[in-house]
Amino acid sequence: MTFIRIPKSWSIPESKVTSENAYWNRRRFLKTIVTAGVSASILPLTGCQQSKSAQSKSPTELALAKSLNLPKIQPLETNPAFASVNRPITKEELAGQYNNFYEFGGTKSIWSNAQRLPTKNWQVEVTGLVNNPRTYDLDEIKQKFPLEERIYRFRCVEAWSMTLPWVGFPMKALIEAVEPKSEAKFVRFTSFYDPDITTGPGFHLGSLPWPYQEGLRIEEMANELAFFAVGIYGHDLPKQHGAPLRMVIPWKYGFKGAKSIVKIEFLDTQPPTYWNTIDPREYDFEANVNPNKPHPRWSQATEKFISTGPGLSWERIETLPYNGYGEYVANLYS
Ligand code: MTE
């Protein structure tokens, strides 16, 4: 996990969703340094704040644009219950180049490494304590489960946040399809892992507990908010965001949202999970966003909100209990 050094705050306009074309008004990320998933620093981006024509984009900018230029998901409706969070939506090219995906490196700017992820013919095995275990093709998932857009707050335990327009379906739809048995109390989600592809040359974080795995109580997975994303910003998920299927649990810290899911298992006991195995004091299994419970390295009272710019801009705002979703989930923890 990273420590972020913040440039001067910008005042963030309460603008609505910025169109994809407008996202090119930006600065560029510099270096992020991270060691063993534990500490890092990031410097602000420098560079042009003016809109750039396609001709004047650098090779890096063109590669980033390519990574984000994915098939649109249509028709697509925004779920009216999750159409706004009273915060501007984070610009796509900021969200798409400021990522945590440790399989591809320990910096925030691993979006280009993540293009190695092989997403063709993707399958997801759903197994364990269910009446209907089965393996789904990704195309089948996209057809079987009705897709919708939801705009959610996204809060990382490193105390930065974004607002992201996900496309996907509620996890409870999968629960209904596979019919868990009464003994099923927990669910484990496993990310794609292939050491030849993921932890590439020059990237070694020691003997970390790969593959990346996360877990939920089954009641948490059945909550209306728990979501599988197959897209973002109206199109398929870019690889850096965890294509082609990832978890989105908006009332929990971002590390609970495993990317590039290949396996979902219904279990009778709480499974070990990636960060919790590495350091249970810093990453508890529950990991609900809680401004009153400081992390050993980050006070969680406030967050640095990454918004619309111009360029990489931050605004310090107060963190809300359950990331503002208490009305949906507080009853799970009473
Ligand atoms: N999933 C996998 N497989 N590997 C990871 O390193 N990082 C987590 C989560 N899911 C991670 C992962 C963390 S710490 C965060 S904050 C979010 O992904 C970041 O999601 P984003 O890059 O789409 O913003």
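Note that ligands are numbered from 1 as they come in the structure, with each ligand's atoms numbered from 1 the same way.
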Consider ligand 1: state whether an atom of it lies below 4.0 angstrom from any non-hydrogen atom of Ala258. yes
Check contact between Phe192 and ligand 1, using heavy atoms of the residue and a distance below 4.0 angstrom. no
Just let me know how Arg246 lines up against ligand 1, side chain, backbone, both or neither, with a heavy-atom cut-off below 4.0 Å. side chain
So, are Glu219 and Lys172 salt-bridged, with charged N and O less than 4.0 Å apart? no
With a heavy-atom distance limit of 4.0 Å, tell me whether Met162 approaches ligand 1 through its side chain, its backbone, both, or neither. neither
Hey, are the side chains of Lys108 and Asn100 touching, using non-hydrogen atoms and a 4.5 Å cut-off? yes
Looking at Gly257, which atoms of ligand 1 are within less than 4.0 Å of one of its heavy atoms? 9 (C), 10 (N), 12 (C), 18 (O)
Taking distance alone, with N or O pairs closer than 3.5 Å, would you say Ser191 contacts ligand 1? yes
Between Glu282 and Arg297, is there a side-chain N and carboxylate O pair less than 4.0 Å apart? yes
Those residues at least two apart in sequence (or on a different chain) that pass ring pair (Phe, Tyr, Trp, His ring centres under 6.0 Å) with Phe169 are Phe145, Phe228
Can you list the atoms of ligand 1 that are under 4.0 Å from a heavy atom of Phe255? 8 (C), 13 (C), 14 (S)
Numbering the atoms of ligand 1 from 1, which are under 4.0 Å from a heavy atom of Cys156? 16 (S)
Examine ligand 1 and decide if any of its atoms is less than 4.0 Å from a heavy atom belonging to Glu214. no
Is it the case that the ring center of Tyr98 lies less than 6.0 angstrom away from the ring center of Trp111? no
So that I can tick it off, tell me whether Glu303 and Arg155 are bridged by a salt bridge, with the cut-off set at under 4.0 angstrom between side-chain N and carboxylate O. yes
Nearest heavy atom to atom 21 (P) of ligand 1, choosing from Gln240, Lys259, Gln213, Lys256, belongs to Lys259
Using a strict 4.0 Å cut-off to heavy atoms of Asn99, name the atoms of ligand 1 that fall inside it. 21 (P), 22 (O), 23 (O)
Any Lys/Arg nitrogen of Lys252 or Glu286 sitting under 4.0 Å from an Asp/Glu carboxylate oxygen of the other? no
Within ligand 1, which atoms have a heavy atom of Tyr102 less than 4.0 Å away? 5 (C), 6 (O)
Lys/Arg-Asp/Glu bridge criterion (N-O < 4.0 Å) met for Asp284, Lys256: no
Output yes when the distance from some N or O of ligand 1 to some N or O of Trp166 is under 3.5 Å, and no in every other case. no
With sequence neighbours left out, the residues meeting ring pair (Phe, Tyr, Trp, His ring centres under 6.0 Å) with Phe101 are Phe104
Using heavy-atom distances only, which candidate in Trp160, Tyr253, Tyr212 approaches atom 11 (C) of ligand 1 most closely? Tyr212
